[in-house]
There are 2 protein chains.
Amino acid sequence: MHPIGEVARRSGVTIETIRYYEREGVVPLPDRSASGRRLYDSAGIARLRFVKRCRDLGFPIEDIRALLALSKGDSKACSDVKLIGERHLRDVRDKIADLTRLEAALADLVAECDEQRPHCPVLRQLFAD
Amino acid sequence: MHPIGEVARRSGVTIETIRYYEREGVVPLPDRSASGRRLYDSAGIARLRFVKRCRDLGFPIEDIRALLALSKGDSKACSDVKLIGERHLRDVRDKIADLTRLEAALADLVAECDEQRPHCPVLRQLFAD
DNA sequence: CCTTGCTTCTGTAGTCGCTACAGGATGCAT
DNA sequence: ATGCATCCTGTAGCGACTACAGAAGCAAGG
């Protein structure tokens with residue numbers, strides 16, 4: 001059984017975030033020592049690693065909750081995981097598309113400022129009706 | 001002079017967000033009617049439109065504050081606007097790059113789930129050491 | 001004038017996912 | 001015992017909103 005500091009180092013999740021995940025019910029309450037310190041077994045560490053990887057992939061907490069539930073062994077797991085993954089992939093692709101459009105608009109706008117001018121074309125455009 | 005509801009419709013910024021911007025000092029305090037209702041002139045409406053456009057382009061509030069200050073007429077305005085714009089453009093490009101990497105990792109992962117399996121390869125990978 | 005329905009006000013709290021204290025207790029090595 | 005590191009709970013804050021609750025104001029219609 002391992003204290004939270006060691007678990008933080010081994011999982012890559014900060015102590016404060018581990019406590020946050022516990023409060024939010026993302027991970028179960030760990031065992032405690034006689035003095036009240038959190039003690040995690042290897043399954044607890046693996047679970048936090050899982051959560052970290054999912055967060056790194058941009059899955060929201062709610063999806064991670066669902067994935068963890070699915071990981072508890074059920075014959076439909078893989079197709080459900082695929083549903084969650086594909087929806088998230090779509091979200092990511094949408095976001096990339098949005099940002100790409102935004103980038104183009106911004107690049108055009110910024111290109112109009114190329115010297116010191118009393119009447120900035122960018123500001124004029126942003127103020128236009 | 002126009003009440004907040006009309007200004008919200010004409011600027012595209014919600015009533016609540018207008019009040020938020022006022023609280024945050026993004027836009028100046030408007031005049032008030034005898035009964036305390038906010039009244040905006042055309043400059044106030046233009047300013048909110050400006051803020052909306054900047055938000056749509058992803059500029060953070062702090063940058064918008066700076067841009068509004070610059071719009072008050074100063075001979076260095078355009079080069080300062082360019083600095084703010086280019087920095088933001090870099091941020092957007094960084095974010096696109098991050099998301100593109102994430103999308104690739106996610107697409108690979110999701111591709112591994114293609115039928116009902118008791119032992120999902122995705123979950124296994126996310127749990128791997 | 002009264003009623004009705006809509007608009008507007010202030011203050012407070014919440015969203016998401018953390019992150020950072022403050023103040024106190026515990027654990028371990030010297 | 002001392003000193004330092006670790007850990008605890010509770011609270012507040014970040015950015016940019018968003019959504020009430022409860023009350024007051026406004027304008028049109030009867």
Side-chain angles (χ1 to χ4, degrees), chain A residues 1-27 29-40 44-45 48 50-68 87-88 91-92 95 98-99 102, chain B residues 1-27 29-40 44-45 47-48 50-68 84 87-88 91-92 95 98-99 102:
Chain A
M1 300 294 268
H2 312 279
I4 196 167
E6 181 184 332
V7 172
R9 282 184 297 274
R10 290 175 62 173
S11 65
V13 184
T14 67
I15 291 172
E16 287 164 331
T17 304
I18 293 172
R19 291 199 285 236
Y20 166 72
Y21 289 154
E22 180 188 307
R23 271 198 315 275
E24 294 293 315
V26 179
V27 295
L29 300 189
D31 291 334
R32 299 279 183 140
S33 67
S35 58
R37 294 185 168 208
R38 292 170 174 79
L39 296 173
Y40 297 86
I45 295 171
L48 284 166
F50 181 93
V51 174
K52 179 69 163 70
R53 286 202 179 102
C54 291
R55 286 294 304 132
D56 288 344
L57 287 170
F59 283 101
I61 294 282
E62 212 47 54
D63 281 358
I64 298 171
R65 253 194 258 270
L67 290 172
L68 279 171
R87 190 183 59 214
H88 180 49
D91 289 346
V92 171
K95 186 67 191 174
D98 285 346
L99 282 174
L102 192 162
Chain B
M1 300 293 270
H2 313 279
I4 197 168
E6 182 183 332
V7 171
R9 284 186 294 275
R10 293 174 62 173
S11 64
V13 183
T14 68
I15 290 173
E16 287 165 330
T17 305
I18 293 171
R19 290 199 287 238
Y20 166 72
Y21 290 153
E22 179 188 310
R23 265 194 324 269
E24 294 295 314
V26 180
V27 296
L29 300 188
D31 292 332
R32 298 280 182 137
S33 69
S35 57
R37 291 182 173 213
R38 291 170 173 79
L39 295 172
Y40 297 85
I45 296 171
R47 204 177 283 119
L48 284 167
F50 181 94
V51 174
K52 179 70 163 74
R53 286 201 178 101
C54 291
R55 286 298 302 131
D56 288 345
L57 286 170
F59 283 100
I61 294 283
E62 214 44 58
D63 280 357
I64 298 170
R65 253 195 257 273
L67 291 172
L68 279 171
I84 292 171
R87 191 182 59 214
H88 179 48
D91 289 346
V92 171
K95 186 65 190 174
D98 285 347
L99 281 175
L102 192 162

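Below, each value reflects all heavy atoms present in this structure, side chains not excepted, and no hydrogens, waters or symmetry copies.
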May I ask you to decide if B/Leu57's main-chain N or O and B/His88's side chain share a donor-acceptor pair within less than 3.5 Å?
yes
Could you run through nucleotides 23-30 of chain C and give me one letter per nucleotide, 5' to 3': B if any protein heavy atom sits under 4.0 Å from the base, S if only the sugar-phosphate is that close, - if neither?
--BBS---
In whole angstroms, how far is the C1' atom of D/dT6 from the CZ atom of A/Arg9?
9 Å
Measure the distance from CD on A/Glu22 to C1' on D/dC7 and round it to the nearest whole Å.
13 Å
Which atom of A/Met1 lies closest to which atom of A/Leu39, heavy atoms considered:
CE-O, 3.6 Å
Nucleic acid footprint by protein, nucleotides 11-22 of chain C - heavy-atom cut-off 4.0 Å, B for base, S for sugar-phosphate alone
------BBBBB-
When every non-hydrogen atom of B/Ile84 is compared with those of B/Ala66, the smallest separation belongs to CD1-CB, 3.7 Å
Separation of D/dT9 atom C1' from A/Ile18 atom CD1, nearest Å, is 16 Å
Would you call B/Glu62 and B/Arg65 a salt bridge, using N to O less than 4.0 angstrom?
yes
How many whole angstroms separate atom CD1 of B/Ile4 from atom C1' of C/dC6?
15 Å
Of all the heavy-atom pairs spanning A/Ile64 and A/Phe59, show the shortest one and how long it is.
CD1-O, 3.6 Å
When the distance from CZ of B/Arg38 to C1' of C/dC9 is rounded to whole Å, what number comes out?
7 Å
Could you check how far CZ of A/Arg32 sits from C1' of D/dC7, rounded to whole Å?
10 Å
Test: A/Arg87 and A/Asp91 ion pair at under 4.0 Å
no
Over all heavy atoms of both residues, which pair between A/Pro60 and A/Arg55 is shortest? Give the atoms and the distance, please.
CA-NH1, 4.0 Å
Which residues pass the side-chain contact (heavy atoms from CB on, under 4.5 Å) test with A/Arg9, not counting sequence neighbours?
A/Glu6
